[in-house]
Amino acid sequence: MDKQESKIRVERKIHYPNFFRATWSLANRDLKKWYLSPAILIISMVQPIIWLALFGKAFNLGALFTSVSSGATAAELAIFGTTSYFSYLALGMLAFMAISTSMMGGMSIVWDRRFGFVDKILTAPITKLSIIVGKILNSVIRALAQAVVLLIIAIVLGMTLTYFTITSVLTAFAALFLLSFGMSSLFVLLALRARDWQSQMMIINLLMLPLLFASNAFFPLSIMPSWLQTIASWNPVSYAISIGRSALLGPSYTPLASNLMSFLYLGIFAVGMTAITVILSRRLLKG
Amino acid sequence: MDIIKVNNLSKVFNGNLRAVDGVSFEVKEGEIFGFLGPNGAGKTTTIKMLTTLISPTGGDAQILGYSIKKNAPEVRASIGVVPQEYTADEDLTGYDNILLLADLYGIPRDVANKRIAELLELVELSNAAKRKVATYSGGMRRRLELAIGLINFPPVLFLDEPTLGLDVQTRTAVWNYIKKLKEKYKMTLFMTTHYLEEADHLCDRIALIDHGKIIKIGAPEALKAQLGGDIIKLSVSNDKPELKKILENAVGVKEVKKIGNEYRIKAKSSETLTPKLIALLSSKKYQVTKLSMTKPSLDEVYLEYTGKSMREEQGGFDRFAQNRQMQATRR
Ligand SMILES: Nc1ncnc2c1ncn2[C@@H]1O[C@H](COP(=O)(O)OP(=O)(O)OP(=O)(O)O)[C@@H](O)[C@H]1O
Ligand SMILES: [Mg+2]
């Protein structure tokens with residue numbers, strides 16, 4: 001009996017998929033829904049563009065903090081580091097785009113669980129690392145691609161870039177990359193045990209606006225109440241925006257920290273978040 | 001040759017719900033082995049443990065010699081799973097769904113493309129392959145799940161209620177595919193069902209399961225034979241107390257029970273005994289008013305060992321299953 005058993009084992013060569021291929025296939029499965037349906041692509045761009053137009057152009061929030069007198073431009077320059085609030089806000093909206101895309105991408109694992117799709121892939125000989133990294137990859141790729149489109153639209157709408165070189169644009173996108181990497185890990189983690197869309201929506205509502213408003217997306221930290229300043233100075237979103245502004249807007253913008261320190265902080269956030277999610281997924285991602 | 005060996009496998013949910021309560025059995029290579037039981041009996045939970053989706057709280061099992069606890073990756077690489085629910089991604093095409101799983105099993109692209117074409121042909125989905133799964137009918141989705149479960153040509157295929165919610169025609173079609181596939185790829189099948197006929201016709205051996213425990217295991221024929229034969233039911237108009245004795249003494253009668261004014265006679269073969277009984281009774285001037293013969297069915301086996309009829313439950317239970325299926329599809 002035992003002899004026969006070992007015979008079957010030998011006869012059949014166990015075959016495992018390559019990690020990169022499995023991970024990419026999973027990411028690509030999510031990406032297909034996006035690049036194969038242009039409607040989703042367009043809809044996901046709408047909100048930041050509306051906000052950009054509304055807050056940046058129509059209301060011109062920036063003017064609210066400066067008097068409309070002759071000294072307005074000087075005051076704007078002092079507070080925002082640019083005379084164009086629209087340009088200032090555009091970088092905030094790029095970050096907003098990155099986190100909302102990461103959030104939706106990360107949270108989509110809730111639906112995958114409900115539809116039994118997670119069960120299906122958990123019986124395949126792949127690692128949980130593939131599943132997590134596939135989800136993150138999907139979010140990051142979407143976020144960056146949409147950020148490119150948003151940046152172009154902002155420029156068309158009148159955004160002025162003092163520095164507009166390949167290096168400065170790449171610097172800004174490197175920051176967005178790290179931000180969306182960390183954020184999608186965070187949201188995959190939050191979604192790992194969530195079973196229904198109600199709790200998912202709750203998490204989104206609870207986190208989305210605070211992440212944005214407790215950051216320098218709309219105003220600099222200097223004009224915030226001190227408690228908000230403290231939160232905003234821990235918020236990784238602030239650092240991604242700070243890097244983007246100092247790379248693209250010019251020398252009159254005062255960054256939150258040196259770009260090196262900001263990158264370091266974002267890097268730690270991204271790697272740390274991913275590590276935590278991957279480790280916890282071993283226990284939390286189950287059938 | 002035991003391709004699946006299950007040893008005292010248990011699953012306790014939330015500390016007190018014994019969904020699977022120490023089951024042990026073996027499945028031989030090339031067999032179709034069926035788990036038959038009512039809703040909540042623990043069928044899906046057993047399959048989830050055997051396919052490494054959830055971990056057992058007690059016991060262990062070997063598939064092709066690999067432990068589901070210690071060698072989960074090897075087990076996963078050796079099995080195919082067709083789950084109870086529809087789990088394909090609705091937003092993708094049928095083709096993309098199979099292709100994804102081919103990638104996850106690490107099947108080289110050229111091999112995968114050939115196999116996908118072959119499997120789609122087999123389940124008659126070639127024409128719908130480039131359509132989104134959301135546009136598929138229930139039967140089409142079931143067949144797609146089958147094709148997905150087979151993409152790695154698994155030596156062992158697990159099927160959880162593969163015909164749930166399908167009409168009789170589609171059910172037959174699905175089973176024809178499954179049998180064809182089994183022949184073609186020489187697989188061992190482990191399936192669950194609550195359709196008695198299905199278990200009876202398809203399975204080489206079945207395990208009756210209820211409340212997480214296996215009540216009886218054997219070939220359907222053997223289980224039925226163990227019941228001790230056919231049942232003849234008759235009533236007479238001019239009943240007398242000595243009739244029971246007369247019936248019991250007749251050659252070929254194994255057991256006589258009187259329920260109300262009806263005699264239930266167990267016999268090895270009802271076809272040969274019935275004419276003899278009628279002749280015997282008319283020679284003794286009894287008037288037979290009612291007569292029926294029943295072949296032993298799995299329902300009667302079930303009745304014998306659990307004390308309840310599965311068929312009686314089935315009305316309620318099919319409706320329930322149907323509901324669940326609808327919910328699964330709506331989602
Ligand atoms: N994740 C879970 N948590 C708690 N209880 C569970 C869980 N999964 C199953 N159960 C319980 O375990 C028992 C067995 O369920 P299981 O799904 O194995 O039944 P089944 O035999 O497949 O029934 P059906 O014919 O309805 O599919 C049920 O009482 C069910 O409520
Ligand atoms: Mg079940």
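The sequence lines fix the lettering, A, B, ..., with proteins before strands; numbering per chain opens at 1.
Put simply, NZ on A:Lys120 and CD on B:Glu85 are 10.5 Å apart, with the number rounded to the nearest 0.5 Å. In this structure, the separation between CG on A:Leu26 and CG on B:Leu100 is 5.5 Å, given to the nearest 0.5 Å.
Side chains of A:Leu122 and B:Arg76 form no contact here, defined as non-hydrogen atoms less than 4.5 Å apart.
In terms of heavy-atom proximity, A:Pro17 sits nearest to B:Leu104 at CG-O, 3.0 Å. Smallest separation of non-hydrogen atoms from B:Gly106 and A:Arg21: C-NH1, 3.6 Å. Scanning both residues, B:Leu92 and A:Lys33, for their nearest heavy atoms gives CD2-CG, 4.3 Å. Nearest heavy-atom pair, A:Thr123 versus B:Thr51, reported as atom, atom and distance to 0.1 Å: CG2-O, 3.5 Å.
Only the side chain of B:Ile54 comes within contact range of chain A, judged by heavy atoms closer than 4.5 Å. Both the backbone and the side chain of B:Pro73 have a heavy atom closer than 4.5 Å to some heavy atom of chain A.
Using a cutoff of 4.0 Å between basic side-chain nitrogens and carboxylate oxygens, A:Lys32 and B:Asp91 are not scored as salt-bridged. For the pair A:Arg29 and B:Asp96, the salt-bridge criterion is not met [side-chain N within less than 4.0 Å of a carboxylate O].
In terms of heavy-atom pairs under 4.5 Å with chain A, the best-connected choice from B:Ile148, B:Leu101, B:Ile107, B:Asp103 is B:Asp103. Heavy-atom pairs under 4.5 Å with chain A were tallied for B:Val75, B:Asp89, B:Thr52, B:Asn97; the largest tally goes to B:Asp89.
Other residues, nucleotides and ligands place no more than 12 heavy atoms under 6.0 Å from the CE atom of A:Met104. Within a 6.0 Å sphere centred on CE of A:Met202, other residues, nucleotides and ligands contribute 12 heavy atoms or fewer. Counting non-hydrogen atoms of other residues, nucleotides and ligands closer than 6.0 Å to CZ of B:Arg115 gives a total above 12. Atom CZ of B:Arg131 has more than 12 heavy atoms from other residues, nucleotides or ligands within 6.0 Å.
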